[in-house]
Amino acid sequence: MDKGTGLLRPVILFFALVLFSEGRVVKVPVGPLVHVEGQAVSIRCNVSNYEGPREQDFDWSILQAGGTVLNLISTLGGFIMDSSVRDRVNSGDISYEKLTDNSVELRFKKVRATDSGVYRCGTPSTDSVISGNYHADVELKVIGDSLKVSPAIPKSAVSEGEPLELQCNATRGFTEHTFLSVSWSLRRGDTGPLEDILTFGPDDKISVGSNYTQRYTDGGLRLDLRGGGFYGLVLKRTKPSDQGQYVCAAQEWVRQGEEGRRWRKILEKSEDMGKVVVTPTDLQFKVTLTASVNPQASNDPAELLCQVLDLLHLQDGRLAVTWSYSTITPGDVSQKKIAIASLNEEGALIPGSEYKPRLDSGDIAVSRRESNVFVLRLLQTRDADMGSYSCAVNAWMPTRQAGWEKAKEVQSTPVSVQWTPQIPVLRVVAHRVREASTGGSTFEMTCQVTGQNLRNPGYTVLIRFEETLGGKSRKVLSLSQDSVLQSEEWSEPSRVDSVVLEKTGQLEYRFRLYGVQVTDRGFYYCDVTAWTRDQKQEWIKSVSAESNKIEIAFVHTGPVFNISIHSEANNVLPGDTVQMKCIISILNASPNTGDVAFDVRWFQDSGWAVDNGGVSLVSMDHWGVVKKSSNHSSLERTDRHTFVLSLHKTQDRDAGEYHCRATPWLLSPATGAWSRGEELTSTSTFLSVQMQLWESLKMPVGYGVFAAVIAGVLSVLLGLLVAHCCFSRNPMHTPRPRNKLMDLEMD
């Protein structure tokens, strides 16, 4: 064998393994599948990793002893089934159901013991290459119904505290792979639901019902397993709640799926054990509920007393209480109880989820005044507290394991807590005190507050402004209930002291605006909120109201301004300096020098910043202070109304649209105060920065040359490497030993 053949075999073997590992896969459930005679049975089969049409066909057969195959049923036409199953297939006792294009289910309406055997699911080939598996086998075991349950209760009437034994005999014929479990349950009343007590099995494990977990932990439930199919459950100390109809059930199980880790129940039989009557002991106490403090209005305190009377035979027992609330509903409408809080047998407070914040804050208190008196106190009632209150007292008895178990519960008669609610009312009226008739004058208004059904209120007053009636409001100034003045959305730092809000009377507030400007025209009103204090003397919001709106609407008689833009060049090269002028003109008046000034800002409207109103480049306020965000831009005032933007060493990112905005400021001869006019916006001018041809191409060309050189070097190195490997290993190119005779002839 030469070296070439030796290297070829592993390669062929590798491709063969890859090919076969991706072949057709037919799957059925992991067996054995154990079912009881007479039950409905279904066996699923699916195929994957196949070629050919999406929809696949299936056929089912039975493997008999000796290797004989008995045809059962198929999705293919022309399939010849065995005569022994033809009647069952025709009657529908045996059928199939196509679930998807690549899965099918074999079904038995009522499986028979003779149906036990190995079932094969096969799929005809639609693949170009035969690979994988084309059938899968699973064993079906059909067992007889041999499970029997015989329950008994030796003593069906017991006194409270006595033990109760529940006996259940469960037998069956032994079958491999099946397991048994026994469970006990209780039905209270004639039509109540079954409540799980305890289940033993199917793997010798014990599961306890949720209402019996603590009782089992304390030793109040005990299993009696004597063997021979005898299963017993002992309730050591019976309670009145143990009275009812008992049921014993036996279940047969098999392990299936996930390598036998899942349990599947194949059979269950239950029998009524009979009714058990529990005679209560003389623990016959009474519970009364009274309202010792009855509120007459909201915020008044309320107190309820829950008293235990005629208590006998408690001995070492303890009392616990649960307080509940429900809304008052008319007629026979059922009431939903909400737990307020409980004091358990250990004396610990357990708050209800809805009342926990009020219990934590001390607004509600639950206590025990005497050994038999429990108290619920609401320190400050709310309208939502009106309703029906009740208490439930539980008697707890000690267990042998130093625990506690509930022996008896007595509910009180509900008590109604109700009063006539007083709805808080707030009214606010605004009055104009001083009219702002011209720019620079003073505006003044007052807000008069009137409140009803408010206990010791405090008020917060917020001045709001609307540019148009019903438009978006803006907060100007606020005064808290503790007389703290707060500037809200008054956004002009130079005019912080121009707005004042003060309390001028017990229920009167005055707002003053100095140096009224054109931009201050609009509607002003008071937004007032009344606050009351809780038991911790903290403010609680009660009610809010808004006043009528007062308008500032003086006529602007000052000059009218116009703004325009001029650019020296709109098409420049990189590195050039370009200048653009923002020119402001006065149309109908010529005020004296020094009577008018301007705030000017330049903006660049680049493509990514259009939605944001452009990028601010540089600005100059009416005092002449310049602020800029770009190092290669500058702004200067060349005359009274001309502001020049200079862009130094322009670059491609400077291309785009430019515009300027100006805000005029006028000096009032009467007051000597500056007033701001409306902002002006110019049209836009476009600046184009041309890129030289070589500057735009040198970087892509450089990258291309560099990439070509690297690719050429790698190609040469790869060719040398391949040549070296091939010539060193190919025997055809191995130098042959020279013949001595040939050497002599050459000499």
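Being a predicted model, the structure only gives us computed values, none of them experimental.
Using a 4.5 Å heavy-atom threshold, the side chains of S633 and L645 count as touching. A 4.5 Å side-chain heavy-atom check between L70 and S61 finds every atom pair outside the cut-off. In this structure the side chain of Y525 reaches within 4.5 angstrom of the side chain of S473, judged on heavy atoms. By the 4.5 Å heavy-atom criterion applied to side chains, L501 and L485 are counted as neighbours. Contact of the V69 side chain with the L63 side chain is registered, since non-hydrogen atoms from C-beta on lie closer than 4.5 Å. Counting heavy atoms from C-beta on, the side chains of L106 and L72 come closer than 4.5 Å. For the pair C45/F58, a side-chain contact is recorded, criterion being any heavy-atom separation below 4.5 Å from C-beta on. Looking at heavy atoms from C-beta onward, R255 lies in side-chain contact with D203 at the 4.5 angstrom threshold.
The salt bridge (Lys or Arg N to Asp or Glu O under 4.0 Å) check on E139 picks up nothing, with sequence neighbours excluded. Partners of K649 by side-chain contact (heavy atoms from CB on, under 4.5 Å), not counting sequence neighbours: none found. By the side-chain contact (heavy atoms from CB on, under 4.5 Å) test, N102 pairs with V47, Y50, T100, sequence neighbours left out. Considering only residues two or more places apart in sequence or on other chains, S478 meets the side chain to side chain donor-acceptor pair (under 3.5 Å) condition with E488. E105 is linked by a salt bridge (Lys or Arg N to Asp or Glu O under 4.0 Å) to R107, counting only residues two or more places apart in sequence or in another chain. With sequence neighbours excluded, the residues satisfying ring pair (Phe, Tyr, Trp, His ring centres under 6.0 Å) with F465 are Y524. The ring pair (Phe, Tyr, Trp, His ring centres under 6.0 Å) check on H641 picks up F598, with sequence neighbours excluded. In this view, F523 satisfies the ring pair (Phe, Tyr, Trp, His ring centres under 6.0 Å) rule with no residue, not counting sequence neighbours. With sequence neighbours left out, L76 forms a side-chain contact (heavy atoms from CB on, under 4.5 Å) with D57, S74, P124. For Y96, there are no ring pair (Phe, Tyr, Trp, His ring centres under 6.0 Å) partners, not counting sequence neighbours.
The pair R44-E97 does not meet the salt-bridge criterion, since no charged nitrogen lies less than 4.0 angstrom from a carboxylate oxygen.
For D204 (side chain) and G201 (main-chain N/O), no donor-acceptor pair under 3.5 Å exists by modelled atom type. S684 places no side-chain N or O within donor-acceptor distance of the main-chain N or O of H659, the cut-off being under 3.5 Å. Between the side chain of S616 and the main chain of S629, no donor-acceptor pair closer than 3.5 Å is present. Between the side chain of E489 and the main chain of K475, a donor-acceptor pair closer than 3.5 Å is present. Looking only at distances, no side-chain donor or acceptor of T642 sits under 3.5 Å from a matching main-chain atom of T638. With hydrogens and angles ignored, the 3.5 Å screen pairs a side-chain donor or acceptor of Q604 with a backbone N or O of R653. Side chain of N71 to backbone of D82: no donor-acceptor contact under 3.5 angstrom is found.
Between P29 and V138, the shortest heavy-atom distance links the atoms O-CG2, 3.2 Å. Closest approach of K265 to W253, counting heavy atoms only: N-CE3, 3.5 Å. The shortest heavy-atom contact between K628 and V618 is CB-CG2, 3.5 Å. Closest approach of S544 and K541 over heavy atoms only: OG-CE, 3.4 Å. The nearest pair of heavy atoms linking S181 to P202 is CB-N, 3.7 Å. What you find for S353 and P357 is that their closest heavy atoms are O-CD, 4.1 Å.
Annotation: salt bridge (charged side-chain N to carboxylate O under 4.0 Å, His left out) contacts involving residues 126-138, sequence neighbours excluded, comprise R24-D127, R120-D137.
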Worked check of salt bridge (Lys or Arg N to Asp or Glu O under 4.0 Å) between K98 and E55: CA-CA 10 Å; K98 197 72 176 294; E55 184 174 2; 3.4 Å; yes
side-chain hydrogen bond (donor to acceptor under 3.5 Å, both in side chains) between T519 and E678, worked out: CA-CA 7 Å; T519 55; E678 296 182 353; over 6 Å; no
Evaluation steps, side chain to side chain contact (heavy atoms under 4.5 Å, CB included), between Y134 and S125: CA-CA 7 Å; Y134 287 80; S125 173; 3.6 Å; yes
Working for side chain to side chain contact (heavy atoms under 4.5 Å, CB included), residues D59 and I73: CA-CA 6 Å; D59 53 69; I73 199 169; over 6 Å; no
Side chain to side chain contact (heavy atoms under 4.5 Å, CB included) between L477 and S487, intermediate numbers included: CA-CA 5 Å; L477 199 64; S487 178; 4.3 Å; yes
Pair M620-R637, side chain to side chain contact (heavy atoms under 4.5 Å, CB included): steps then yes or no: CA-CA 9 Å; M620 178 185 293; R637 179 176 178 179; 4.3 Å; yes
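Under a cut-off of 6.0 angstrom, the local environment of NZ in K141 is crowded, with over 12 non-hydrogen atoms contributed by other residues, nucleotides or ligands. The number of heavy atoms from other shown groups lying within 6.0 Å of NZ (K627) does not exceed 12. Remark: E679 CD is packed, more than 12 non-hydrogen atoms of other residues, nucleotides or ligands lying under 6.0 Å away. Heavy atoms from other residues, nucleotides or ligands lying under 6.0 Å from CD of E51 number more than 12.
Side-chain contact annotation: H632 with D654, donor-acceptor N/O pair under 3.5 Å present. Counting only N and O atoms by type, the side chains of Q56 and D101 include no donor and acceptor under 3.5 Å apart. For the 3.5 Å distance criterion, the side chains of H648 and S634 qualify, holding a donor opposite an acceptor.
Of the residues listed (I563, V600, T663), the one engaging L680 in a side-chain contact (heavy atoms from CB on, under 4.5 Å) is I563, and it is the only one.
Relative ring orientation between W263 and F179 is described as perpendicular, the plane-to-plane angle rising above 60° on a 0-90° scale split at 30° and 60°.
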Review item, side-chain donor-acceptor pairs of residues 575-587, under 3.5 Å, at least two apart:
from	atom 1	to	atom 2	distance (Å)
D576	OD2	L573	N	3.1
Q579	NE2	S646	OG	3.2

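Ring to ring, F643 and W602 are not that close: their centroids are 6.0 angstrom or more apart.
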